[in-house]
Amino acid sequence: MHINKYLKGLAIVSTVGMLLILLGGALVTKTDSGMGCGRHWPGCNGQLIPDVITTEVLIEFSHRLVTGAVGIFIVALAIWAWRSLGHVRETKFLSFMAIFFLVLQALIGAAQVKWGQGDFILALHFGISLISFAAVLLLTLLVFEVDRKFDTDKIRIGKTLRFHTIGITLYSYVVIYTGALVRHTESSLVCRDWPLCRNNEFSLPTNLYEWVQMGHRLAAGLIFVWIIIAAIHVIKNYKSQRTIYWSWIIALILVTSQVLSGMFVILTRLNLYIALLHSLFISLLFGLLCYMILLLSRSRGEN
């Protein structure tokens, strides 16, 4: 089936745009720019377009503009994909998920600006945006017929890999939430050493902020080990299935990059560029894991 080249272009723009929304949201949080426009939404400091531009205003207002523009692209992509690829079973579900969670994350952001919210609620914001990103990414892969190009209809996945794929994907959300909680509770530098909170002594955290920081490190360490175990299993048993094989190799590279960037975030005392890379790696990893869930849903089981 021939897919309209303009639909492919729209899919690429939407995916890249959704990634920019994720990084923009992380930038807003990391630079404390969330109140750059005051308690005004959708306007900024009482104006539709602010005339006084500070760094905080620029970051927050730019994030809102990007979110609004990309939102239009995503709605257009969802409708177009629904009409053109409605016969592909995942298309309608992914189209709904992309729009629903994009709107939900925008509403949470607006509610934070207007009324303020607790840190534990705000930590959901990034994770909700990630679901929308994953849905847009998978829609884009369907538009480009990646499943046909890599013969995903011939994939066979055994019970062990099914367990790892589902388990790691669900658990990754715990890692994402704890990471967002570190940012929103301002716990990033409460432990200034790595990998322990204080490398010269082994002790349990002494306050909430240390528990949040070390809880995230533990969660990240566990997913790192789990993906290594899954990747070793794939290398031993799935070399003939290149989509599965390379997906897990890339997952291992991404989670390793995630751990290393997390370490350097601490050692560089919150270098902004490294912190944004940290958000980028987990976003790409989550999107890849969701793609593997899609492959799993299409595969035939093995004993």
Side-chain angles (χ1 to χ4, degrees), residues 88-91 93-94 96-98 101 123-124 126-142 146-181 195 214-262 278 280-303:
V88 179
R89 65 175 183 173
E90 297 92 356
T91 302
F93 173 74
L94 292 174
F96 171 78
M97 293 288 282
F101 282 98
L124 291 171
F126 185 72
I128 289 171
S129 299
L130 263 182
I131 295 176
S132 183
F133 165 71
V136 172
L137 175 63
L138 296 186
L139 267 180
T140 298
L141 294 177
L142 292 181
V146 170
D147 53 334
R148 294 189 181 189
K149 294 176 182 177
F150 292 103
D151 298 323
T152 58
D153 58 320
K154 299 178 181 178
I155 284 177
R156 303 291 185 272
I157 298 178
K159 291 181 180 178
T160 300
L161 188 56
R162 285 175 178 269
F163 167 77
H164 287 315
T165 304
I166 296 172
I168 290 173
T169 303
L170 293 176
Y171 180 67
S172 69
Y173 214 74
V174 175
V175 179
I176 291 163
Y177 180 78
T178 59
L181 196 58
M214 295 309 296
H216 175 60
R217 292 189 194 183
L218 177 61
L222 289 176
I223 198 172
F224 176 62
V225 173
W226 196 349
I227 288 180
I228 289 176
I229 294 171
I232 291 173
H233 174 74
V234 168
I235 290 171
K236 288 181 177 179
N237 299 283
Y238 290 87
K239 285 185 178 180
S240 61
Q241 300 190 50
R242 58 176 181 160
T243 305
I244 295 297
Y245 181 85
W246 285 108
S247 291
W248 281 100
I249 294 298
I250 295 172
L252 181 57
I253 293 172
L254 287 173
V255 77
T256 302
S257 301
Q258 177 71 4
V259 171
L260 291 176
S261 61
H278 193 60
L280 175 64
F281 290 138
I282 195 62
S283 300
L284 296 176
L285 177 61
F286 184 74
L288 178 59
L289 290 172
C290 289
Y291 175 61
M292 289 193 279
I293 290 290
L294 185 148
L295 295 180
L296 186 65
S297 72
R298 293 182 171 187
S299 72
R300 297 181 182 178
E302 294 179 346
N303 293 326

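Nearest heavy-atom pair across A219 and V175 is O-CG2, 3.6 Å. Counting all heavy atoms, side chain and backbone alike, A123 lies closest to Y177 at CB-CE1, 3.5 Å. Residue A135 comes nearest to A98 through the heavy atom pair CB-N, 3.6 Å, listed as atom of the first residue, atom of the second, then distance. Looking at every heavy atom in both residues, G287 comes nearest to A134 through CA-CB, 4.5 Å. Summarising the geometry of S283 relative to F133, their closest heavy-atom pair is O-CE2, 3.4 Å, with the distance given to 0.1 Å.
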**OP:** For side-chain contact (heavy atoms from CB on, under 4.5 Å), just list the numbers for L285 and Q258, CA-CA rounded to whole Å, side-chain angles, deciding distance to a tenth of an Å, and then say yes or no.
**Re:** CA-CA 9 Å; L285 177 61; Q258 177 71 4; 5.6 Å; no

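The closest side-chain heavy-atom distance from F281 to L260 is not below 4.5 Å. Within the 4.5 Å cutoff, no side-chain heavy atoms of Y291 are placed close to those of L137. Y173 has its side chain within reach of F286: a pair of non-hydrogen atoms, C-beta onward, lies under 4.5 Å apart.
Interatomic distance, OG of S297 versus CE of M292, reported as 13.0 Å (0.5 Å rounding). If you take CD on E90 and CG on L138, they are separated by 8.5 Å, rounding to the nearest 0.5 Å. Put simply, CG on L288 and CG on L254 are 6.5 Å apart, with the number rounded to the nearest 0.5 Å. Once rounded to the nearest 0.5 Å, the distance linking CG of L295 with CD1 of I155 reads 4.5 Å. Expressed to the nearest 0.5 Å, how far OG of S172 lies from CD1 of I282 amounts to 6.5 Å. The CG atom of L289 lies 4.5 Å from the OG1 atom of T169; values are rounded to the nearest 0.5 Å.
Each of I176, I227, L222 was compared with Y171 under the side chain to side chain contact (heavy atoms under 4.5 Å, CB included) criterion, and only L222 meets it.
The ring pair (Phe, Tyr, Trp, His ring centres under 6.0 Å) search around F96 returns F100, not counting sequence neighbours. Every residue meeting the side-chain contact (heavy atoms from CB on, under 4.5 Å) condition with V225, not counting sequence neighbours, appears here in chain and number order: I229. Shown here are the ring pair (Phe, Tyr, Trp, His ring centres under 6.0 Å) partners of F224, two or more places apart in sequence or in another chain: there are none. With sequence neighbours excluded, no residue forms a side-chain contact (heavy atoms from CB on, under 4.5 Å) with S240.
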Return a table of donor-acceptor pairs under 3.5 angstrom between the side chains of residues 244-253 and protein atoms on other chains or two or more places apart.
residue	atom	partner	partner atom	Å
S247	OG	T243	O	2.6

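Between the side chain of S132 and the backbone N or O of S129 there is no donor-acceptor pair closer than 3.5 Å.
The side chain to side chain donor-acceptor pair (under 3.5 Å) pairs that include a residue from residues 214-236 are H164-W226, T178-H216, Q213-R217, H233-N237, where partners are two or more places apart or lie in different chains.
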